[in-house]
Amino acid sequence: RGMYDKLRLGCMQYWLYVPAAMLLLTKSFSFLFFIYIQPLICMTFFLALLNFGFHGFIEFDKDGKSIEVVNSTCIINGDDDSFGEDDHFIHHYATTVYHRDLPEEHKARIEEFKKHKASVFQKLSILELSIFLLAGDFKKLAEHYVDYTESMSKEEIAKMLEVRAKRKEMSYEEYESKLASGEVYAAATAAGGKEE
C-alpha cells in the first residue's frame, strides 16, 4: 500500500501540481505544452524504446538464473557510440570500466560471450536494434549479431534471437500474485530501497 500511495503522489505532482503551477506562472498553455508536457511524453516513449533494445532478450542458466551477457545488450562499432553508452552489459555489470577501456574489457569476456551466445551486435544503433526487435525483424538483427562461436548460420541466429525475445521471465498473473503478496516490494527493499 505504501508504494502505491507514493506512486499516486508522484503522478499527481508530475501531471497536476507542476503543470498547474507553470500555467499560473506563465499563463501560457503553449509554453506548458511545448516546454513540459510534450518533452515529458516524448522522452518517456523514446527511453522505453531504447530499453526494449537494451533488455530485449532473456535467457536462463540451468538453475533458472538470468544470464547477464544475454539479458543486457552490447553494440560494438555502433553508429552513435561516443562514450560506451551502447555497451549496456558493462553499464550494469562492470560499472567502473572507463569507456576507453571497453575494448580490453570485451577481449577479457570473449569466452563468456562464446559460452552463452551473448547479445552482442555490431554496426547499428540502439534505435535501429530496438525498432528491428519490436518489428520482429530477427533476420535483420541476425545480420548484425556477433557470433563469437563462429558456428551458427544466420537462420539459427535469427531463431535464437526470436526465442530469446519472446521468452517471458514470468506471466502477468505471476507478477500480479507476487505484487499482491508483497514479494515485489520486499525484493525491492532488499535490493537497496528503504522502507517507509
Side-chain angles (χ1 to χ4, degrees), residues 42-178 184 187 191:
C42 288
M43 285 310 296
T44 301
F45 282 103
F46 181 69
L47 291 174
L49 177 65
L50 298 186
N51 271 299
F52 275 111
F54 281 135
H55 297 287
F57 304 100
I58 299 175
E59 189 67 80
F60 302 104
D61 65 15
K62 60 182 175 17
D63 298 321
K65 185 177 178 279
S66 291
I67 299 175
E68 297 167 348
V69 295
V70 172
N71 297 353
S72 287
T73 300
C74 171
I75 300 172
I76 54 177
N77 300 320
D79 296 336
D80 60 358
D81 186 19
S82 301
F83 297 102
E85 59 271 15
D86 280 350
D87 192 336
H88 213 64
F89 169 74
I90 297 297
H91 163 82
H92 282 289
Y93 302 108
T95 57
T96 59
V97 175
Y98 191 59
H99 72 93
R100 290 187 182 133
D101 300 328
L102 287 173
E104 292 80 30
E105 187 68 23
H106 284 199
K107 287 177 190 167
R109 294 181 183 270
I110 286 180
E111 288 307 313
E112 183 181 11
F113 291 168
K114 278 184 193 177
K115 177 181 176 185
H116 297 294
K117 297 179 179 151
S119 298
V120 180
F121 299 87
Q122 64 182 345
K123 298 179 182 168
L124 81 164
S125 70
I126 185 58
L127 184 60
E128 292 169 305
L129 190 147
S130 299
I131 291 169
F132 294 150
L133 178 61
L134 287 175
D137 195 345
F138 299 104
K139 288 181 181 176
K140 188 71 171 170
L141 284 173
E143 291 174 19
H144 295 279
Y145 180 79
V146 179
D147 180 16
Y148 287 102
T149 67
E150 299 178 352
S151 65
M152 299 175 71
S153 69
K154 294 295 181 198
E155 292 78 23
E156 290 170 321
I157 293 169
K159 184 63 181 165
M160 175 189 71
L161 294 173
E162 181 178 8
V163 168
R164 288 176 170 181
K166 291 182 177 180
R167 181 172 287 124
K168 294 180 183 175
E169 195 164 354
M170 67 181 72
S171 70
Y172 182 74
E173 290 76 18
E174 289 172 301
Y175 182 75
E176 283 277 306
S177 172
K178 288 177 183 279
V184 172

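No hydrogens, no waters, no symmetry mates; every other heavy atom, side chains included, goes into these values.
- Between Tyr93 and Phe89, the two ring planes are tilted [angle within 30° to 60°].
- Within 6.0 Å of atom CZ in Phe52, 12 or fewer heavy atoms from other residues, nucleotides or ligands are found, so the atom counts as exposed in its surroundings.
- The distance from the CD1 atom of Ile67 to the OG atom of Ser72 is 12.5 Å, given to the nearest 0.5 Å.
- Under the 4.5 Å side-chain criterion, counting only non-hydrogen atoms from C-beta, Glu143 is in contact with Lys140.
- Of the charged side-chain nitrogens involved, none lies within less than 4.0 Å of a carboxylate oxygen, so that Glu156 and Lys159 do not count as a salt-bridged pair.
- One finds the CG atom of Leu133 at 12.5 Å from the NE2 atom of His55 (value rounded to the nearest 0.5 Å).
- Phe132 has its ring centre no less than 6.0 Å from the ring centre of Phe121.
- Ion pairing of Lys115 with Glu112 is absent here, as no side-chain N (NZ or NE/NH1/NH2) approaches a carboxylate O to less than 4.0 Å.
- Around CD of Glu169, the count of heavy atoms belonging to other residues, nucleotides or ligands within 6.0 Å does not exceed 12.
- To the nearest 0.5 Å, atom CG of residue Asp147 and atom CD1 of residue Ile157 are 4.5 Å apart.
- A ring-ring contact (aromatic ring centres under 6.0 Å, His included) with Phe54 is found for one member of His91, His92, His88 and no other, namely His88.
- Contacts classified as salt bridge (Lys or Arg N to Asp or Glu O under 4.0 Å) and involving residues 99-108 (residues at least two apart or in different chains) are given here: Glu105-Arg109.
- At distances below 3.5 Å, at least one donor-acceptor pair connects side-chain atoms of Asp61 with backbone N or O atoms of Asp63.
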Notebook entry, point to check: Where do Glu59 and Arg167 land on the side chain to side chain contact (heavy atoms under 4.5 Å, CB included) test, with the steps shown first?
Noted result: CA-CA 8 Å; Glu59 189 67 80; Arg167 181 172 287 124; 3.1 Å; yes

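- Residue pairs that meet the salt bridge (Lys or Arg N to Asp or Glu O under 4.0 Å) test with at least one member in residues 117-130, sequence neighbours left out, do not exist here.
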Notebook entry, point to check: Please walk me through it: do Phe60 and Val70 pass side chain to side chain contact (heavy atoms under 4.5 Å, CB included)?
Noted result: CA-CA 9 Å; Phe60 302 104; Val70 172; over 6 Å; no

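- Within the structure, no pair that satisfies the salt bridge (Lys or Arg N to Asp or Glu O under 4.0 Å) test touches residues 84-96, not counting sequence neighbours.
- Considering only heavy atoms from C-beta on, Leu134 comes within 4.5 Å of Leu49 through its side chain.
- Without hydrogens or angle criteria, Ser177 side chain to Glu173 main chain gives no donor-acceptor distance under 3.5 Å.
- Distance check: Ser119 OG to Glu68 CD gives 12.5 Å after rounding to the nearest 0.5 Å.
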